[in-house]
Amino acid sequence: MPSIRNIAVGLPVKDGHVLLSESFDRVRDLRFHRAVGGGIEFGETAAAALRREFREELDVTLDDVQLLGVIENIFEFEGAPGHEYAHVFAVRSAELDDVPLDAALVVLDEGSPVRWVPVDTEVPVFPAGVMRLVHGEDT
């Protein structure tokens with residue numbers, strides 16, 4: 001039986017844009033964005049996991065992390081079911097502040113593109129509900 005995964009994701013915001021990874025679900029023929037982050041390891045706080053993930057994935061240090069909320073996300077990707085609790089953080093990083101809005105970064109451990117995306121994007125953003133948190137709305 002699959003298990004529920006606990007993850008921590010961060011939402012750096014700059015000049016009306018949020019930094020997101022880009023992905024594609026071949027089964028649904030769906031291009032989408034995803035908040036940057038990853039799994040929380042046993043004995044690790046969500047904030048510590050987020051700092052580690054940003055270091056591993058983008059080689060940047062987060063200067064400040066503030067929990068915005070926790071979202072339960074039940075989804076399907078590539079035809080397989082998934083279930084996660086996403087601890088969603090607002091993050092600040094001087095290193096990311098220096099990244100131009102037109103820059104294209106890459107997740108170091110998997111190669112997914114990461115870009116500044118307008119906060120009002122029409123492209124789906126997952127986990128579902130994270131953009132409401134960016135806008136200060138309840139999920």
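As the structure is a prediction and not an experimental result, all values here were calculated from the model.
- Between the CG atom in N73 and the OH atom in Y85 there is a gap of 10.5 Å [rounded to 0.5 Å].
- Look at R52 and E41 and you find a salt bridge, because one of the NZ, NE, NH1 or NH2 atoms lies within 4.0 Å of a carboxylate O, short of that distance.
- If you chain together hydrophobic residues whose side chains sit under 4.5 Å apart, L62 and V99 fall into the same group.
- Rounding to the nearest 0.5 angstrom, the gap separating the CZ atom in F54 from the CG atom in L19 is 6.5 Å.
- The shortest distance between side-chain heavy atoms of R5 and H83 does not fall below 4.5 Å.
- Between atom CG of residue L67 and atom CG of residue L50 there is a gap of 10.0 Å, rounded to the nearest 0.5 Å.
- Nearest heavy-atom pair across P127 and A86 is CG-CB, 3.7 Å.
- The closest side-chain heavy-atom distance from V130 to L11 is below 4.5 Å.
- Contact detail for W116 and L96: the closest heavy-atom pair is CZ2-O, 3.5 Å.
- V107 and I40 are members of different hydrophobic clusters when ILVMFWY side chains are connected at heavy-atom separations under 4.5 Å.
- Inter-residue side-chain proximity for V70 and V88 is flagged as unmet; no heavy-atom pair is nearer than 4.5 Å.
- In this structure, D97 and K14 approach most closely via the heavy-atom pair O-NZ, 2.8 Å.
- Under a hydrophobic clustering in which Ile, Leu, Val, Met, Phe, Trp and Tyr are joined whenever their side-chain heavy atoms come within less than 4.5 Å, directly or via other members, M131 and F32 fall into different clusters.
- In this structure, the side chain of E78 engages the main chain of R26 through a donor-acceptor pair within 3.5 Å.
- Considering every non-hydrogen atom in both F89 and A47, the closest pair reads CZ-N, 3.7 Å.
- Remark: R34 engages E84 in a salt bridge, criterion side-chain N to carboxylate O under 4.0 Å.
- One distance of note links CG of L30 with CZ of F126; it measures 5.5 Å at 0.5 Å rounding.
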With side chain to side chain contact (heavy atoms under 4.5 Å, CB included) as the criterion, how do V65 and R51 come out once you've worked through the C-alpha distance, each side chain's angles and the decisive distance to 0.1 Å?
CA-CA 8 Å; V65 299; R51 290 178 186 280; 3.7 Å; yes
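- Tracing side-chain contacts under 4.5 Å through hydrophobic residues (I, L, V, M, F, W, Y), one never reaches V114 starting from V13; they form parts of separate clusters.
- Under a 3.5 Å cut-off, the side chain of S93 and the backbone N or O of T61 do form a donor-acceptor pair.
- Here H17 contributes atom NE2 and T121 contributes atom OG1; the two are 9.5 Å apart, rounded to the nearest 0.5 Å.
- Between G10 and A35, the shortest heavy-atom contact is O-CB, 4.2 Å.
- Residue I71 holds its CD1 atom at 11.0 Å from NE2 of H87, rounded to the nearest 0.5 Å.
- Counting heavy atoms from C-beta outward, I74 and E72 have side chains that approach closer than 4.5 Å.
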(message) With side chain to side chain contact (heavy atoms under 4.5 Å, CB included) as the criterion, how do V36 and E57 come out once you've worked through the C-alpha distance, each side chain's angles and the decisive distance to 0.1 Å?
(response) CA-CA 8 Å; V36 176; E57 294 186 0; 3.4 Å; yes
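- A continuous path of hydrophobic side-chain contacts links V9 to V125 [ILVMFWY only; heavy atoms under 4.5 Å].
- Closest non-hydrogen pair, E95 versus V60, comes out as OE1-CA, 3.6 Å.
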